[in-house]
**Student:** 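Below you'll find the structure I mean.
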Amino acid sequence: MRIMFNEVKNNKIKSVFLMLVFILVIGVLGAIIGIFYDNLYFGLSIAVIFSLIYSMIGFYSGKNMILSMSGAKPATKKEYPHLYHTIEGLAISAGIPTPQAYVIDDSALNAFATGRDPKNASITVTTGLLKTMSRQELEGVIGHEMSHIKNYDIRFMMLTAVLVGIVVLLSDFLLRSFLWGGHGGKRDSKGSGQITVVLIAVGLVLAILAPIIGELVKLAISRKREFMADASGAVLTRYPPGLASALRKISKDPDPLVDKANKATAHLFISTPFRKQTGFVTNLFLTHPPIEERIKRLEAM
Amino acid sequence: MSPLTITLIVIAVIVLFIIFLYNSLISLRNQVKNSWAQIDVQLKRRNDLIPNLIETVKGYMKHEKSVLENVTKARSAILKADTVEGKAKASNMLSQTLKSLFAVSENYPQLKANENFMQLQEELTGTENKIAYSRQHYNDMVMVFNTKIETFPNSIFANQLNFKKEASFEATGQEKKNVKVQF
């Protein structure tokens, strides 16, 4: 009980911290662009206003952004009765309001929860998961997601997806226009020369920022968080073997790729939605503890 | 400091302690009541589903009248029970009889293919699970509440403030064994 309460407080503080860091990063970028146009304060204030508004939007409708980004559709009780019953049952067990149910039409085995608090939460599963898992295994997976909701992990993870996501998008976009922009056409007028300089500066800043952002995403998930959700999920179902066997099935999934998952949303999922591959960028975003170890811990419970 | 001030401070601390204890106990007891209401909702839901089930199954099961009668009997026993223990016992009975009914239904392929029956079976399985989960949640809340009023120094005041131990909703050991079906 006590531990749970601390986790909730922890996640709320981290969420505020993340929003402040976001406003700071965008503010600095705005100031840099401002300097190039000889107007630091204008750039800074526009950036701060933008990032404030965007954080608010992220906080209140991050859930919907993430759901539509991942191609999740609301699941009706008629079509998916056993998903519904499982979610309702585990919400009762956790003592929280019933989260909304969503499905992604994808053969990969995966699931995630998102929302800003237990009253505004949703659980999404892939249709592949529904087809493959037995009732007890599905209960294990939903129990894991339910404890993310109860702990307020979802708030912090949602904000990470939405806020870090846009920085990743911005840096991708700017770096690309910086790399390709120089090759196309003649740029000899004074105005476009200035823009190129600005883009170079911003691009460089973002190139430096990218690894830091990667670290932030890693922090957002942390092995501890997943292990905790496994353990408290098992407390909800009182049946650790259910989740253990679900995880075993997930680890044997030949095609773990969720089509619509991206770097910004990867950490939300119960297991990494990418193919097992190595590479600098992929490693930066490898956010999940190895499944084998999670299974081992569940079996020891 | 005069002895009077010291006495006043001590009394103030004790009064404050009692106020906080009282408020937290009230809030906990309300949570216990609320989780009890959750069980009741699910028990009622299951009771509402059963007449439909009997109606659907009756046409197929000609030889196992007693299985159906047991379900009906257990269902009305829940309605009559008014204590936590009584409800728990009746609810476990009903779970058992329903399990037997579904076990028997395995012998009727036509029944198993019946759309209506499949839906009811899913609904009832879901509700059975929800009963188990709400019972689990209720028992957790009861344990927190009981521990709070039984530990020192709360125990001195809890009794005076008229807080009594709450009964937990026990699952019988039987529930976990496999059901034997007798004809």
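Below, read A as the first sequence line, B as the second, and so on, with proteins coming before strands; counting in each chain starts at 1.
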**Student:** For atom CG of A/Asp105, decide whether the heavy atoms of other residues, nucleotides or ligands shown that lie under 6.0 angstrom number more than 12.
**Tutor:** no
**Student:** Just how far is it from atom CG of A/Leu90 to atom NE2 of B/His137, taken to the nearest 0.5 Å?
**Tutor:** 12.5 Å
**Student:** Which is it for A/Arg135 and B/Thr125 under the side chain to side chain contact (heavy atoms under 4.5 Å, CB included) test, yes or no, and what are the steps along the way?
**Tutor:** CA-CA 10 Å; A/Arg135 197 168 198 120; B/Thr125 317; 3.9 Å; yes
**Student:** To the closest 0.5 Å, what do you measure between CD1 (A/Ile92) and CD (B/Gln38)?
**Tutor:** 5.0 Å
**Student:** Could you look at A/Thr237 and say if it's the side chain, the backbone, both or neither that has a heavy atom under 4.5 Å from chain B?
**Tutor:** both
**Student:** For chain B, which candidate among A/Glu139, A/His82, A/Glu88, A/His85 shows the most heavy-atom pairs at distances under 4.5 Å?
**Tutor:** A/His85
**Student:** Can you tell me how far the OG atom of A/Ser93 sits from the CD atom of B/Gln136, to the nearest 0.5 Å?
**Tutor:** 4.0 Å
**Student:** Check whether B/Gln42 gets within reach of chain A through its side chain, its backbone, both or neither, counting any heavy atom under 4.5 Å.
**Tutor:** side chain
**Student:** Tell me, side chain or backbone of A/Lys78 under 4.5 Å from chain B's heavy atoms, or both, or neither?
**Tutor:** neither
**Student:** How many angstroms lie between CE in A/Met146 and OH in B/Tyr133, if you round to the nearest 0.5 Å?
**Tutor:** 9.5 Å
**Student:** Quick one: what part of A/Ala94 sits under 4.5 Å from any heavy atom of chain B, side chain, backbone, both or neither?
**Tutor:** backbone
**Student:** Should the heavy atoms of other residues, nucleotides or ligands under 6.0 Å from NZ of A/Lys77 be counted, would the total exceed 12?
**Tutor:** yes
**Student:** Can you establish whether the number of heavy atoms outside B/Tyr22 located under 6.0 Å from its atom OH is more than 12?
**Tutor:** no
